[in-house]
Each structure stands twice: as structure tokens, then as C-alpha cells.
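Here the structure is laid out as C-alpha cells; the discussion comes afterwards.
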Amino acid sequence: MPELPEVESIVRRLRPVLVGRTIETLDLVRRDIVTGDVGVEALPKRAIVQVRRHGKSILVALDPPLWLVIRLGMTGQCLVAPRGAPRPAHTHAVLTLSGEPWELQYRDPRRFGGWRLARSLNELTVAPDALALRRATWRAIISARRGQLRALLMNQKILAGLGNIYTNEALFAARLHPRREASRLSEAQREALYRAIKTTLRRGIRWGGSTIRDYRMPDGAAGRFQERFRVYGRAGRPCKRRCGARIEKLPAAKDAQPAFFCPRCQPSG
DNA sequence: TGGAATGTTCGGCT
DNA sequence: AAGCCGAACATTCC
């Protein structure tokens with residue numbers, strides 16, 4: 001579920017709650033959600049100096065130096081609740097902060113997400129973050145890769161942050177068909193896609209991300225960007241550019257995740 | 001009622 | 001070797 005705008009929305013709300021506090025206790029209900037260089041007993045007594053994001057990952061900088069990297073997978077949630085509050089089902093870990101009346105609850109029903117304790121971020125940040133993407137970096141990426149545009153945008157090793165929702169929305173904004181060959185875009189189309197990625201992500205953040213189902217901000221609030229989707233999940237409904245066409249949904253069978261696009265605004269040629 | 005679908009990522013195969 | 005496919009998991013929806 002959570003793509004870049006959802007994770008950014010979470011990070012912005014987590015930051016004022018966590019930064020400057022010290023981890024007091026960790027209650028790890030499921031040990032297997034944590035991996036990394038260091039055991040979880042390393043967490044208590046460390047101070048939280050920074051909360052950042054790269055792509056879809058939450059990066060918590062600790063002192064003495066250590067990174068807690070949280071990836072939410074499809075259904076991960078970081079909730080801030082009063083200390084000792086009831087834990088929702090599938091809560092795998094709970095952090096308390098010294099002297100504070102709240103706790104951080106981590107839950108993830110499908111368990112595609114997890115925590116990683118790392119001494120450095122090295123490999124994690126090799127792919128550029130889609131929101132921080134520089135034009136020169138983008139040009140290097142788009143001119144060096146082949147394959148379908150949609151697959152390229154969703155590949156986290158190439159560009160970090162876009163998932164199915166924002167890929168579909170950005171391709172619509174750039175008026176490019178999801179199946180277009182990435183290496184065959186005109187100069188104008190590359191520029192249009194670069195801008196579309198940025199503006200689409202920023203719109204997603206402005207609306208607090210998209211709540212289709214599980215995604216919540218730390219206080220439990222839902223995002224509202226789903227009200228603004230132009231193609232995602234809108235198969236059969238009219239294009240919002242009022243071009244008269246109906247939004248189409250690509251395969252369903254072959255692709256694990258369906259693509260949505262407007263056949264008139266996003267010609268395959 | 002069971003089968004399909006869901007926002008992700010990894011490993012394995014070609 | 002980069003690119004595609006299925007699997008990992010749990011819940012909801014038809």
C-alpha cells in the first residue's frame with residue numbers, strides 16, 4: 001500500500017513525536033520482523049536524532065549511531081497511541097519513549113514489511129528518491145533503460161518511491177501509455193514525465209496519501225488523495241479530462257498489478 | 001463458499 | 001544481464 005506520498009505523510013507526523021526522545025523499551029511480539037547487522041536489544045537507551053524517508057522506507061537515525069529502517073510493505077502501519085492502549089490485531093512491536101505518555105505501535109497484517117537495523121544506509125539509498133530526483137539524474141535513467149515505462153517507474157532499484165497508484169497517475173499526467181517503450185520517448189516526453197512524477201507525488205502528499213484500505217497516518221487518520229484519482233481504480237469511468245473516453249484496465253491476468261489509463265489521452269503509439 | 005484481488009519486494013529463471 | 005514471473009502473507013470482496 002504505502003508508496004512515497006503515504007510514507008512521507010507518516011514521516012512528517014512521526015517526526016515531532018519521536019525526534020529528541022530516547023527509546024525506553026521495546027516489546028517485540030514477533031521477532032521475525034526484524035533483520036540486520038545488530039540485534040534488537042541495541043534499541044533501548046538510544047536517542048532518536050532524525051526521522052527521514054527514502055523511497056518507501058522510513059529511516060530513523062539513532063544515537064549512538066545506528067539506523068532503524070522501517071519498510072511498511074503492503075499493510076504496515078506506525079501508530080502513535082497512549083501508553084498501554086489496546087493493541088490492534090497484528091501488532092508486532094511496540095516502542096516506548098522515556099518520559100513520554102505515548103507509544104509507537106507497529107502493525108502489519110500481511111507481514112510483507114519489516115524492520116532492519118543497520119550501521120549504514122549504503123545499498124538502501126543507491127536508487128534516487130523520486131521526490132528528490134534531479135533532472136540530470138532522470139535523463140541518465142530514462143536514456144539508459146529499456147522495457148515498459150510502467151515497469152521502469154515501479155522498479156525500486158532504478159527509482160525509489162513509485163508504486164502502482166502513483167505510476168498510473170503520473171503516466172496519465174504525462175499522457176504516456178503504460179506499455180510504451182521507455183527508450184523511445186521524445187525529449188519533450190521525457191521532460192513531461194519528469195514533471196508529472198514530481199507534481200503527482202506532491203499532490204499525493206498534499207492530500208495526505210491515498211487510503212484504499214489499510215493505510216493510515218500515525219493518529220489513525222485516512223488520506224484523501226483517493227478522491228482525486230484520475231485513472232487508478234477508475235476502469236470504465238469517464239476520463240477526467242472530459243475527452244469522452246472511458247478509462248481502461250490493462251490485463252489483470254499477466255500483470256499482478258493492473259494498469260489504468262485513458263486510451264485517448266495516453267495513446268500507445 | 002471458494003477464488004480472486006490487494007497499495008510490495010525478493011529470488012529464481014530466461 | 002536486465003527483465004519478467006511467482007511466491008511470501010492475511011483479509012476482504014464478489
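Convention: sequence-line order gives letters A, B, ...; per-chain numbering from 1.
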Would you tabulate the side-chain donor-acceptor contacts of residues 37-47 of chain A under 3.5 Å, counting partners in other chains and residues two or more places apart, or write 'none'?
| from | atom 1 | to | atom 2 | distance (Å) |
| --- | --- | --- | --- | --- |
| A:D37 | OD2 | A:R119 | N | 3.1 |
| A:R46 | NE | A:A42 | O | 2.6 |
| A:R46 | NH1 | A:P64 | O | 2.8 |

In whole Å, I'd like the distance from the [atom1] atom of [X] to the [atom2] atom of [N].
X      : N      : atom1 : atom2 : value
A:R150 : C:dG3  : CZ    : C1'   : 14 Å
A:I58  : B:dT8  : CD1   : P     : 14 Å
A:Q77  : C:dT11 : CD    : C1'   : 13 Å
A:M154 : C:dG3  : CE    : P     : 15 Å
A:Q257 : B:dT9  : CD    : C1'   : 10 Å
A:L124 : B:dC10 : CG    : P     : 9 Å
A:L152 : C:dG3  : CG    : P     : 8 Å
A:R179 : C:dC4  : CZ    : C1'   : 12 Å

Query raised in the report: Looking at side-chain heavy atoms only, is the closest gap between A:I142 and A:L149 below 4.5 Å?
Result: yes
Query raised in the report: Expressed in whole Å, how much space separates the P atoms belonging to B:dT9 and C:dA1?
Result: 24 Å
Query - P gap between B:dC10 and C:dT11, integer Å - result: 23 Å
Query raised in the report: Does A:D27 pair with A:R87 as a salt bridge, N-O distance under 4.0 Å?
Result: yes
Report summary line: Heavy-atom nearest nucleotide on DNA chain B taken for A:F260 and for A:K157; more 5' hit belongs to A:F260
Query raised in the report: Looking only at side-chain N and O atoms, does A:H90 come under 4.0 Å of OP1 or OP2 in C:dC9?
Result: no
Requested in this report: Would you please confirm or rule out a distance under 4.0 Å between OP1 or OP2 of B:dT9 and any side-chain N or O of A:K56?
Outcome: yes
Report task. Sort and list the pairs that fulfil ring-ring contact (aromatic ring centres under 6.0 Å, His included) and have at least one residue in residues 52-107 of chain A, not counting sequence neighbours. Result -> A:Y106-A:W115
Query raised in the report: If you measure only the distance, is there a donor-acceptor pair under 3.5 Å linking the side chains of A:Q50 and A:R52?
Result: yes
Requested in this report: Indicate whether any N or O donor in one side chain lies under 3.5 Å from an N or O acceptor in the other, for A:R71 and A:S57.
Outcome: no
Consider the side chain of [X], meaning its heavy atoms from C-beta on, and name the nucleotide among [options] that approaches it most closely.
X      : options              : value
A:Q156 : C:dA2, C:dC4, B:dT9  : B:dT9
A:K249 : B:dT8, C:dA2, B:dT6  : B:dT6
A:R71  : B:dT9, B:dT8, B:dC10 : B:dC10
A:E3   : B:dT8, B:dT6, B:dC10 : B:dT8
A:P258 : B:dT8, B:dT6, C:dA2  : B:dT6

Requested in this report: Apply the side chain to side chain contact (heavy atoms under 4.5 Å, CB included) test between A:F261 and each candidate in A:L250, A:N168, A:I247; give the one that qualifies.
Outcome: A:L250
Report task. Residues of residues 104-118 of chain A with any non-hydrogen atom less than 4.0 angstrom from an atom of DNA chain B: list those, numerically ordered, please. Result -> A:R110, A:F112
Query - side chain to side chain contact (heavy atoms under 4.5 Å, CB included) involving A:T25 - partner list, sequence neighbours excluded - result: A:T96
Report summary line: Contacts of A:S120 meeting side chain to side chain contact (heavy atoms under 4.5 Å, CB included) (sequence neighbours excluded), chain-then-number -> A:N122
Report summary line: The dot-bracket string of DNA chain C, counting Watson-Crick and G-U wobble pairs with both distances under 3.5 Å, using [ ] for crossing pairs and | for pairs to another strand, is .|||||||.|||||
Requested in this report: Quick one: do A:F229 and A:F172 satisfy ring pair (Phe, Tyr, Trp, His ring centres under 6.0 Å)? Show the steps, please.
Outcome: CA-CA 10 Å; A:F229 289 167; A:F172 175 81; over 10 Å; no
